[in-house]
Amino acid sequence: MSKQGNIQISSENMMPIIKKWLYSDKDIFLREIVANGVDAITKYKKLVEMGETAEDESNKDYCIKISVDKDAKTLTVEDNGIGMTEDEVEKYITQIAFSGAADFLAQYEKAGGDGIIGHFGLGFYSAYMVSENIEIYTKSYREGAKGVHWESDGESTYTIEECDKAERGTRIVMHIAKEEKEFLDEGRIRGLIEKYCAFMPYNIYYNFTGKDDKALNDTNPLYLKNPKDCSEEEYKEFYRKTFHDYHDPLFWIHLNMEYPFRLKGILYFPKVKSKVELERGKVKLYCNQVYIADNIKEVIPEFLTLLNGVIDCPDIPLNVSRSFLQNDRQVQKISRHITKKVADKLTGLYKTDREKFEQCWNDISVFIKLGCIKDEDFYSKVKDIIIYKDLNGEYKSLDEFIGKKPEEEKAAEGEAEQNGEKKEEEKQPTTIYYISDEVGQAQYIDMFKNAGLNAIVCDTFIDTHFVSYLEYKEPTKFRFLRIDADVDAALKSAEAGSEEENKALTEAFKAALKNTDVAVKAEKLKNESVPAIINVSEFSRRFGEMNAFYGMAGADTDRDMTLIINTANPVIQAFTGLDEDKKKFVANQVYYMARLAYKKLSPEEMKEFAENNAALLKNYIG
C-alpha cells in the first residue's frame, strides 16, 4: 500500500546552506536588499494609481536611505514603500522562498508587472552572508496598521512584536559579522551602490541628513530615453560617467525596443587597437534598472563584449542559471537582435559616411574581425564593408582592391549558375599580398611599389587569424601571402641567368654562410640595389604566429627561411670572383642585412654584424 507525505526541511539544516551558497558573490546582498525596497515602493505607487489607497502627502518623496553606524556595527537600508503587517512578515520573511512579488501580482493582476523586480523571495536572506543578526522594523500602508519588529540570528528562531514605527515603509538593520567589517566602510558601500544600484528608479541616499543630500544614483538614465531626445553631448557624458573613460567613444548604438521583447540600452564603440585594450570592454546587463552582471555571453554575443555598454532587459530575471539562458528562446532572440543592430549600424555608417567609417577603422577593425570569426551571421552581414589600407594609404574593401565590385561578383555567379557552369570548382583564387609591419618590411614595400604592385596592411594581432578565416570562408576567391612569403613574378627580371651559373653561385654562397640551416636561391630581380631578401613559408609563419597568440610554442620559422640572392645586384655579381675570406665576409653581411629586414638578429649575429660594419667603415676612411 503506497503512502504520500510532505518532505520536511529543517531550518537548522537549511539556513547555513542559504547563508553560504545563496550567491557566489556575497557583496550582492546589498543589491537584493535595495531591490526589495524598490519593489516595495513600486507596489505602493501602483496601489495609489489604481485607487486602492490614497497617497500619503507627507511621505511621497520615494527613496531608499542607506546608513552605516560603525559604533553599533550596523548597516541599515530603509524604504518608504508598501510596508508589511505582522501577518505579512510571518508569510514573506519566515517562509523561505515565498515570493512577495508573485503574491502581489496575483492579487493585483490588473496592475501589471512593469517595474516589479523580485521573483524568488530569497533575496532578503542574502543579508545573512554578512550579518550575524538582522532586525526588521516595518509598518504597512493599510489604515490602522501597527508597526512590527522582527529579529533573527538566521538560525532556527525569530521573535516578532509590535513597535512604535511611525511612518509607512520598512527598515532593515543588519548587524555586520566581525569577519565582514569591510561592509561598514563608507567607500565600500558607496562602491557597491555605484556597481549594483546606479540606475535604480528611486533616489538612493547614503547617511541621509535631509539637507541638500545628493542621490548616489541616476533614476532616469539616458538609455531609457527616446533616441531622438538625446544629444551627442549627453551620450558622451553618460559614457564618461558610466565607464570612467575620458576618451570620447567613436560612435554608439541606442537600442529601444518594446516588441516582441523589451530591450533598451546603449552600446558604445571605444578605441580598441591592442590586445590589452581588447580586454577592457564591459557590457553591463540590467533588469528593470537593477544590475545583473557584466558580459553575460548568453545574452550579449562574446565578441560584443569588446564594446562598452548598458543593456536593460526586463524579460530576464535577476537570478537565473547559465543553462537556462543557453536554452531560452527569448534570450537567443535578444542576442540575435543585438548582433543585427550592431551590424546595421556599421553597414549604415559605411554607406552614408564612408569618410568617418575610414577614420574609425583602425579602432574598430579588431572588433569587426573578431566578430566575423566568432559569429557567421555577423560575418554575412558585414563582410562587404571590411576595408584595408593599401600601400598608398587608401582604404579599400577586398573587392575594390582587386578591382571588382561586389555586385559584379554576384552577377557573374548568377550568370554561371544559369549556364550550368560549376564556377566554384574552376575559379582560381586571387592572390592578395599583405604587410604586417610598415617599418620592418620597408625594403619589401619599396620593391613592391617600384614594380607597380600593391598590398594591404594587416598589422593588428588578429589579422593572421582573420586572413586564414577568409580563405576558409572564400576558398575560391582569395589567397593571402605576406610580401616576404614569395617573390612575385612582377619583381623578377625578364632576363634570368643560366641554371648552371645560378646553381654554382647558390652553392658558393651557401658554403660561405655560418648559418647552415638557411636555404639559398638565386633570382634576378628588377631592383638592382637590393643584394638579397628573405622569404618564409606563409603556412609555417602563420602556424608560428597562431601558436604564439594562444601562448604555445611557436614554430621555428628560421628552418623554413629562404635567402633569395639578387643576381642583378653588383655585389652578388662580383661574389664568385672573391677570395674565400671575402666570400665569407660578404655572404654573412648580405645575410644579416636581409635578415634585419625580416626580423631581429640573435645577440651573436648582431655582434658580428656590428663588427663587420666597423671594419667596413675603417676600410672606407683608410
Side-chain angles (χ1 to χ4, degrees), residues 390-392 398 401-403 428-458 467 471 478-513 515 517-542 557-578 583 586-599:
D390 67 9
L391 297 184
N392 301 313
L398 290 180
F401 183 79
I402 64 177
Q428 292 298 314
T430 300
T431 297
I432 297 177
Y433 286 94
Y434 68 95
I435 65 169
S436 58
D437 184 347
E438 291 185 76
V439 176
Q441 293 156 7
Q443 185 183 68
Y444 298 89
I445 294 170
D446 187 56
M447 291 174 60
F448 256 59
K449 286 184 174 180
N450 289 339
L453 298 175
N454 204 353
I456 60 174
V457 178
C458 296
V467 296
E471 288 171 336
F478 303 123
R479 172 175 175 257
F480 293 88
L481 287 177
R482 205 167 80 175
I483 58 175
D484 55 8
D486 188 20
V487 179
D488 190 276
L491 298 176
K492 298 178 183 178
S493 173
E495 300 174 2
S498 70
E499 285 189 27
E500 289 185 10
E501 290 175 347
N502 285 348
K503 183 179 180 182
L505 174 61
T506 299
E507 290 177 352
F509 205 95
K510 184 171 177 61
L513 285 173
N515 186 339
D517 292 330
V518 65
V520 180
K521 183 180 180 182
E523 295 278 8
K524 191 172 184 178
L525 306 179
K526 288 181 178 179
N527 191 336
E528 299 177 0
S529 65
V530 178
I533 59 174
I534 283 178
N535 287 161
V536 174
S537 157
E538 179 75 12
F539 173 80
S540 173
R541 186 179 42 71
R542 279 200 215 175
T557 56
D558 283 4
R559 293 188 176 275
D560 257 344
M561 199 165 57
T562 301
L563 180 67
I564 308 294
I565 52 176
N566 181 11
T567 59
N569 179 262
V571 174
I572 302 301
Q573 288 175 348
F575 181 80
T576 53
L578 301 175
K583 280 182 180 178
V586 170
N588 286 287
Q589 195 70 352
V590 167
Y591 165 70
Y592 292 149
M593 290 170 62
R595 177 70 181 267
L596 272 174
Y598 170 70
K599 63 184 293 188

Taking every non-hydrogen atom, the tightest pair across Gln443 and Ala532
OE1-O, 3.9 Å
Nearest heavy-atom contact between Leu563 and Ala594 is CD1-CB, 3.8 Å
Asp446 backbone acceptor or donor facing Asn450 side chain under 3.5 Å
yes
Do side-chain atoms of Asp486 reach the backbone of Asp488 as a donor and acceptor pair under 3.5 angstrom?
no
Before giving the answer on side-chain contact (heavy atoms from CB on, under 4.5 Å), spell out for Val518 and Ile534 the whole-Å C-alpha distance, their side-chain angles and the decisive distance to 0.1 Å.
CA-CA 10 Å; Val518 65; Ile534 283 178; 5.9 Å; no
Angle between ring planes, Phe509 versus Phe575, binned at 30° and 60°: parallel, tilted or perpendicular?
tilted
Report yes or no: does Lys510 contribute a side-chain atom to a donor-acceptor pair with the main-chain N or O of Lys521 at less than 3.5 Å?
no
Using side chain to side chain contact (heavy atoms under 4.5 Å, CB included) as the criterion, point out the one residue from Asn569, Ile564, Val586 that pairs with Pro531.
Asn569
Which heavy atom in Ile565 sits nearest to a heavy atom in Val520, and how many Å separate them?
CD1-CG1, 4.0 Å
Report the distance from atom CG of Leu525 to atom CD1 of Ile533, rounding to the nearest 0.5 Å.
5.5 Å
Please check: side-chain N/O of Asn535 versus main-chain N/O of Asp484, any donor-acceptor pairing under 3.5 Å?
yes
Take atom NZ in Lys583; do more than 12 heavy atoms of anything else shown fall under 6.0 Å from it?
yes
Minimal heavy-atom distance between Asn588 and Ala512, with the atoms involved, is ND2-O, 3.1 Å
Nearest 0.5 Å, please: how far is CD in Glu538 from CG in Leu481?
5.0 Å
Do you know which two heavy atoms are closest between Tyr444 and Ile483, and how far apart they sit?
CB-CD1, 3.2 Å
How many angstroms lie between atom CD of Gln441 and atom CZ of Phe448, to the nearest 0.5 angstrom?
10.5 Å
Is there a side-chain contact (heavy atoms from CB on, under 4.5 Å) between Met561 and Arg595 once you walk through the steps?
CA-CA 10 Å; Met561 199 165 57; Arg595 177 70 181 267; 4.1 Å; yes
Atom CE of Met447 and atom OG of Ser529: how far apart are they, to the nearest 0.5 Å?
8.5 Å
At their closest point, which heavy atom of Ala490 faces which heavy atom of Ala451, and how far apart are they?
O-CB, 3.7 Å
Heavy atoms of other groups near Glu528 CD, more than 12 under 6.0 Å
no
To the nearest 0.5 Å, what is the distance between OG1 (Thr430) and CG (Leu398)?
10.0 Å
Gln573 CD to Asn566 CG distance, which is reported to the nearest 0.5 Å
8.5 Å
Between Tyr433 and Ala485 (side chain of the first, backbone of the second, donor and acceptor by atom type, cut-off under 3.5 Å), is there such a pair?
no
Evaluate side-chain contact (heavy atoms from CB on, under 4.5 Å) for Leu391 paired with Ile435, printing each intermediate quantity in order.
CA-CA 9 Å; Leu391 297 184; Ile435 65 169; 3.9 Å; yes
